[in-house]
Protein chains: 2
Amino acid sequence: MKFYNSIGPNPKLVRVFAAEKGFELPNVQEVDIMVGENRQAEYMAKNPAAGMPSLELDDGQVIAETIAICELIEELQPEPALIGTTAAERAETRMWVRRVEWKIMAPLTDGFRNAEGSALFKDRMRLMPEASDWLKSCAQDGLSWLDEQIAGRDTIVPGRFSLADVALFAFADFGAQVGQPIDAELKNVTAWFEKAKGRPSAGA
Amino acid sequence: MKFYNSIGPNPKLVRVFAAEKGFELPNVQEVDIMVGENRQAEYMAKNPAAGMPSLELDDGQVIAETIAICELIEELQPEPALIGTTAAERAETRMWVRRVEWKIMAPLTDGFRNAEGSALFKDRMRLMPEASDWLKSCAQDGLSWLDEQIAGRDTIVPGRFSLADVALFAFADFGAQVGQPIDAELKNVTAWFEKAKGRPSAGA
């Protein structure tokens, strides 16, 4: 197997997930997205969506998309479970993963791409710079919603640290670096983030 | 178990998936989203994100988010497999599901909510009507990308009908009703859509 890695929150998400599992990502190959290596023919033959990261299996099949890669790692090495050990647990994790992705991670990313990231992304996708403030506000709305949801608990899925925590952590960490920090008034999410930052996996 | 159903592409996605599996959705309860029943305390106690549909399990746990519900149905009734029978197959399906969701389904939905759907959604989420044309164009960009990807095949995941087909079908069907049809020049996606419309599950 081979893991195609780069800077950015998506590769970090998978690296943190692997670190939490004690799963060693195989044959890490760095791809320089700043010069567009991920948009050249060699990489796009592997992942035609051009996104990072991706995982090449021993038979040559390439799996892209962070959550698909994390699900595969969980199947290859079930313990410690970060998605779940029963169908109901897995369903609950997948529900929360999608909530944080759609409500927070997606608009945060799009807000960045249309503003601070526009020099990098303007030739890679259709942008609308005027929409960036709206997108960032949508991400903050998502964080406010989450702040209410996790009152009284320190994990996104009640009672267990999961892929939902890993996913949001990678993007909250990115947000903090690009002008979209968590509002300090969101006490629960702020405390959750500080705790996630303190885990050994945080620097992965 | 109880299935909370409504109009809209998300419940349809789960109904089509269940129909393809031959899985009978239990105790279907209709929720009238046009009058905001999904935003009243009774439903939000079950799904605090207020989205439709959701599936209440026998122990009272509620699973929301379409793909999480479909994954659970696949676990409850593995055959016929619409996600996969091996870890690699499941990873491949999840990758394609996410590609069509993020590239097509998300901007199509947001384009609708900020334009034709704004009367319904203006008090339910933060909107930016000026962004609707951009969002719709992003969805069309996603369809154009997909059109190249599926050249020479009639399913989104190569060689097998999957959750990726079901998911995009439900939203392409919705798009056709709200002013975002598939561009007829996209021959491959158009042919794919016509074929999906011809399946017995299409009317579910």
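Only a predicted model underlies this, so the values are computations on that prediction, with no experimental measurement involved. Proteins get letters first, then strands, A, B, ... in listed order; numbering begins at 1 in each.
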Open item on the list: Quick check on the interface: out of B:Asn114, B:Thr93, B:Asp59, who has the most heavy-atom pairs with chain A under 4.5 Å?
Closed with: B:Asn114
TODO: Mind checking the CE-CG spacing from B:Met95 to A:Leu72? Nearest 0.5 Å is all I need.
DONE: 11.0 Å
TODO: Using non-hydrogen atoms and a 4.5 Å limit, figure out which bit of A:Glu92 sits close to chain B: side chain, backbone, both or neither.
DONE: both
Open item on the list: Does any backbone or side-chain atom of B:Arg126 lie under 4.5 Å from a heavy atom of chain A? Answer side chain, backbone, both or neither.
Closed with: both
Open item on the list: Taking side chain as everything from C-beta outward and backbone as N, CA, C, O, which of these in A:Leu127 sits under 4.5 Å from a heavy atom of chain B? Side chain, backbone, both or neither.
Closed with: backbone
Task: Rounded distance (nearest 0.5 Å) linking atom CE of B:Met125 with atom NZ of A:Lys103 - done: 7.0 Å
TODO: Give a yes or no on whether a salt bridge exists between B:Glu71 and A:Arg98, defined as a side-chain N under 4.0 angstrom from a carboxylate O.
DONE: no
Open item on the list: Show the nearest heavy-atom pair for residues A:Ala64 and B:Arg99, with the distance to one decimal.
Closed with: CB-NH2, 4.1 Å
TODO: Look up atom CG in B:Asp110 and atom CG in A:Asp110, then write down how far apart they are to the nearest 0.5 Å.
DONE: 9.0 Å
Open item on the list: Could you check whether A:Glu75 pairs with B:Arg94 (Lys NZ or Arg NE/NH1/NH2 to Asp/Glu carboxylate O, under 4.0 Å)?
Closed with: yes
Open item on the list: Around atom CD of A:Glu194, are there more than 12 heavy atoms from other residues, nucleotides or ligands closer than 6.0 Å?
Closed with: yes
Open item on the list: For B:Ala88 versus A:Ile63, what's the shortest heavy-atom pair and its separation?
Closed with: O-CD1, 4.4 Å
Task: chain B interface, residue from A:Thr66, A:Ile67, A:Leu76, A:Leu135 that has the most non-hydrogen pairs under 4.5 Å - done: A:Ile67
Open item on the list: Looking at every non-hydrogen atom in both residues, tell me the closest pair between B:Ala68 and A:Ala91 and how far apart they are.
Closed with: CB-O, 3.8 Å
Task: Part of B:Leu57 within contact of chain A (heavy atom distance under 4.5 Å) - done: side chain
Task: Proximal component of A:Trp134, with respect to chain B [non-hydrogen, under 4.5 Å] - done: both
Task: Taking every non-hydrogen atom, the tightest pair across B:Trp102 and A:Ala106 - done: CZ3-CB, 3.3 Å
Task: Interface moiety of B:Asp133 toward chain A, non-hydrogen atoms closer than 4.5 Å - done: neither
Task: Best-contacting candidate, A:Gln149, A:Arg90, A:Glu148, against chain B by heavy atom pairs under 4.5 angstrom - done: A:Arg90
- [ ] Measure A:Glu101 against the heavy atoms of chain B and call it side chain, backbone, both or neither at under 4.5 Å.
- [x] both
TODO: Among the options A:Val97, A:Leu55, A:Asp141, pick out the one with the most heavy-atom pairs lying under 4.5 Å from chain B.
DONE: A:Asp141
Open item on the list: At a 4.5 Å cut-off on heavy atoms, which part of B:Val62 comes close to chain A: side chain, backbone, both, or neither?
Closed with: backbone
Open item on the list: Testing the basics here: between A:Met128 and B:Glu130, what is the closest heavy-atom pair and its distance to 0.1 Å?
Closed with: CE-O, 3.4 Å
TODO: Can you tell which part of B:Trp96 gets under 4.5 Å to a heavy atom of chain A, answering side chain, backbone, both or neither?
DONE: neither
